[in-house]
Amino acid sequence: HLATSLPLPSERHHLRPRINLIVFMIDIKSKYSLKNVEASLAHVDASFFLGKVCFLVTGVGRVNACSIETNAVCKLGEAYCSPVLFCELELEGIRVATAQRLVRMLQICTGHIPGVSALSFVSLMRNSDDD
Amino acid sequence: MDETVAEYIRRTVLKIPRDEIKTMLQKWSFLSEAQLQTLNFHQIKENISQQVVQLCEENSADIKQAAVLDIIYNHTYQNKRMWSVYQMKKSGEELEYFDITDFKKKFKGRLRSALKNVTITFKEYEDNAIWIRVAWGTPHKKPNQYKPSYVVYHSQTPYVFISASVLKSNLPLLCQALIVACNYHDIREMELRSHSLNSLKDIVFKRYSQNFQTYYSKPLQERNVEPESGDIRIVQENRSEKERIHRLNWEVFGCGPQPKLEFAQYKLETMFKSDPKMGVLDKKEPFRCLVKFSSPHLLESLKSLTPAGMADAPLSPLLTCIPHKARNYFKIREKKGLVPESFVSP
């Protein structure tokens with residue numbers, strides 16, 4: 001399901017299946033995009049932040065057009081205990097690889113991979129320096 | 001033939017891209033077809049221009065003819081220059097019949113009575129446009145042919161488009177001559193500037209597709225917001241929001257191409273608003289700030305902002321009013337009330 005912001009429109013409530021993974025896409029060229037994501041995060045139930053949320057930063061190939069600092073996004077990821085992926089959608093190879101990663105994450109979140117659950121993402125997020 | 005004229009013609013020809021030289025010389029029609037046949041357009045431009053000068057020598061070209069070639073060049077490459085728009089005002093309601101000869105006589109007369117050393121050239125085009133080229137001198141110096149001003153006047157309208165030379169001091173004189181020649185009593189510069197002369201004309205002559213505030217219950221069924229041919233597994237959650245944005249955009253911008261402007265400039269003379277505890281500015285004086293938007297095609301990029309999700313719909317009226325207010329330079333002063341009301345024409 002694609003949405004431009006949260007909360008999701010209520011009129012489609014009954015048609016929506018259970019949500020297993022939320023990927024917040026941030027366009028590194030647009031401050032507005034980051035603001036929109038930050039505002040939408042407030043509408044996400046806390047249980048999603050146990051591995052079912054991920055931030056995807058797009059447009060990183062165009063170094064000259066960055067409007068957001070990667071630092072800011074990484075801090076956002078730390079604050080919400082969710083992984084941050086970087087990709088460049090305009091390059092087919094990276095696009096495909098990123099899609100595969102997301103599908104893999106989704107498989108784990110839906111419980112299709114035995115022995116691994118979404119909670120594993122949270123533990124992988126811990127910085128080795130913390131130990 | 002005067003050496004300065006020869007040099008001027010040579011330099012003008014050099015400016016023209018090689019593939020266009022023949023066409024432009026034909027439009028000029030100063031050299032005969034037979035003479036043009038003798039030119040080799042496949043050699044380097046240096047040599048072509050030398051040959052052209054030689055042919056002009058044969059025909060004893062003077063500055064008048066050279067000036068016409070310059071007008072033709074600037075008419076073809078009009079978008080290289082920056083144009084400003086001026087509006088003239090009539091005192092009465094008399095609809096006078098426009099006489100081109102009378103116009104030229106009055107214009108030349110007015111300029112020459114103030115400044116002896118000027119070169120004035122006219123050329124008329126099919127779309128009722130009169131192009132005027134003025135090269136300026138001083139009482140002691142011959143006109144500088146390399147920094148002329150260009151004026152485009154459509155006789156049935158009160159608008160004049162001017163691409164002035166760097167010498168701003170000649171502008172009042174030029175404006176005076178225009179009022180006299182066109183039978184108006186006043187002229188003022190509009191806050192509208194662009195490289196695209198046609199777009200400026202589109203804006204002031206209202207030739208672009210404006211949208212009138214009619215309400216359509218189902219906006220343009222044939223324009224699909226999202227292509228339905230996409231994967232059916234993809235569900236668009238915000239379809240109605242997207243449709244609202246497209247409808248608002250269509251209401252503001254219409255569906256045709258937008259006039260081409262490169263800048264919008266907003267000079268702010270408003271008070272800086274901050275947390276009073278921060279005390280950033282002790283003095284209560286306006287915070288001077290200039291906001292400039294630039295783009296290869298400003299209005300089209302504004303039109304694409306909301307569908308691209310880069311800005312909230314509806315866009316600020318300060319941005320969307322540009323074509324119907326016919327201005328892209330604004331001064332915003334402090335005013336209590338709605339934001340659109342707070343810009344004041346200078």
Side-chain angles (χ1 to χ4, degrees), chain A residues 1-41 43-45 48 53 55-59 62 64-68 89-90 95-96 98-100 102-103 106-107 110 112, chain B residues 217-219 223-253 262 264 266 273 289 291-320 339:
Chain A
H1 285 236
L2 293 179
T4 54
S5 64
L6 293 178
L8 294 175
S10 53
E11 59 258 18
R12 300 183 53 87
H13 233 59
H14 55 289
L15 296 168
R16 229 173 268 131
R18 191 183 61 201
I19 295 174
N20 295 109
L21 175 67
I22 305 179
V23 180
F24 286 97
M25 294 180 69
I26 301 171
D27 183 354
I28 208 162
K29 302 191 290 300
S30 164
K31 285 200 173 79
Y32 179 77
S33 155
L34 180 60
K35 272 214 174 81
N36 194 15
V37 165
E38 284 170 345
S40 300
L41 280 164
H43 296 279
V44 178
D45 187 73
F48 278 96
V53 169
F55 295 98
L56 179 65
V57 182
T58 64
R62 295 197 181 273
N64 292 343
C66 289
S67 281
I68 308 172
L89 293 176
E90 290 182 41
R95 197 168 64 228
V96 169
T98 309
Q100 286 170 336
L102 289 173
V103 168
L106 181 60
Q107 283 175 321
T110 53
H112 287 175
Chain B
S217 54
K218 281 197 176 101
R223 289 165 60 83
N224 264 331
V225 168
E226 298 297 336
E228 287 293 351
S229 58
D231 195 338
I232 48 162
R233 293 174 295 177
I234 299 175
V235 177
Q236 296 285 351
E237 290 284 351
N238 304 101
R239 189 183 304 277
S240 51
E241 175 66 10
K242 283 200 159 101
E243 278 169 9
R244 180 189 80 98
I245 288 174
H246 269 84
R247 183 176 49 84
L248 278 175
N249 223 34
W250 181 78
E251 275 173 16
V252 169
F253 291 101
E262 301 90 37
Y266 300 82
K273 290 185 174 65
C289 174
V291 178
K292 187 172 181 177
F293 294 87
S294 47
S295 162
H297 199 321
L298 183 72
L299 294 177
E300 280 296 335
S301 57
L302 289 178
K303 185 176 173 181
S304 52
L305 274 181
T306 50
M310 305 279 288
D312 286 331
L315 282 179
S316 163
L318 281 171
L319 292 170
T320 56
V339 168

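Chain identifiers are assigned alphabetically (A, B, ...) following the order of the sequence lines, protein sequences preceding nucleic acid strands; residue numbering begins at 1 within each chain. As the structure is a prediction and not an experimental result, all values here were calculated from the model.
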- Note on the structure: Quick note, salt bridge (charged side-chain N to carboxylate O under 4.0 Å, His left out) partners involving residues 297-311 of chain B, not counting sequence neighbours, are none
- Query: What's the shortest heavy-atom distance between A:Ser5 and B:Asn238, and which atoms?
  - Reply: N-OD1, 4.1 Å
- Item | Within residues 18-30 of chain A, residues adjacent to chain B where the heavy-atom gap is under 4.5 Å | A:Ser30
- Residues that B:Glu237 engages under salt bridge (charged side-chain N to carboxylate O under 4.0 Å, His left out), provided they are two or more places apart: A:Arg12, A:Arg16
Donor-acceptor pairs are to be reported for all side-chain atoms of residues 305-312 of chain B against protein atoms at under 3.5 Å, with residues two or more places apart or in another chain.
{"unit_1": "B:Thr306", "atom_1": "OG1", "unit_2": "B:Asn249", "atom_2": "OD1", "d": "3.3"}
{"unit_1": "B:Asp312", "atom_1": "OD1", "unit_2": "A:Tyr32", "atom_2": "OH", "d": "2.2"}

- Item | Interchain contact, A:Thr4 with chain B, by part (heavy-atom threshold 4.5 Å) | both
- Item | Top of A:Leu8, A:Leu2, A:Leu15 for chain B proximity - count of heavy-atom pairs under 4.5 angstrom | A:Leu2
- Inspect the surroundings of NE2 in A:His43 and state if more than 12 heavy atoms from other residues, nucleotides or ligands are less than 6.0 Å away. yes
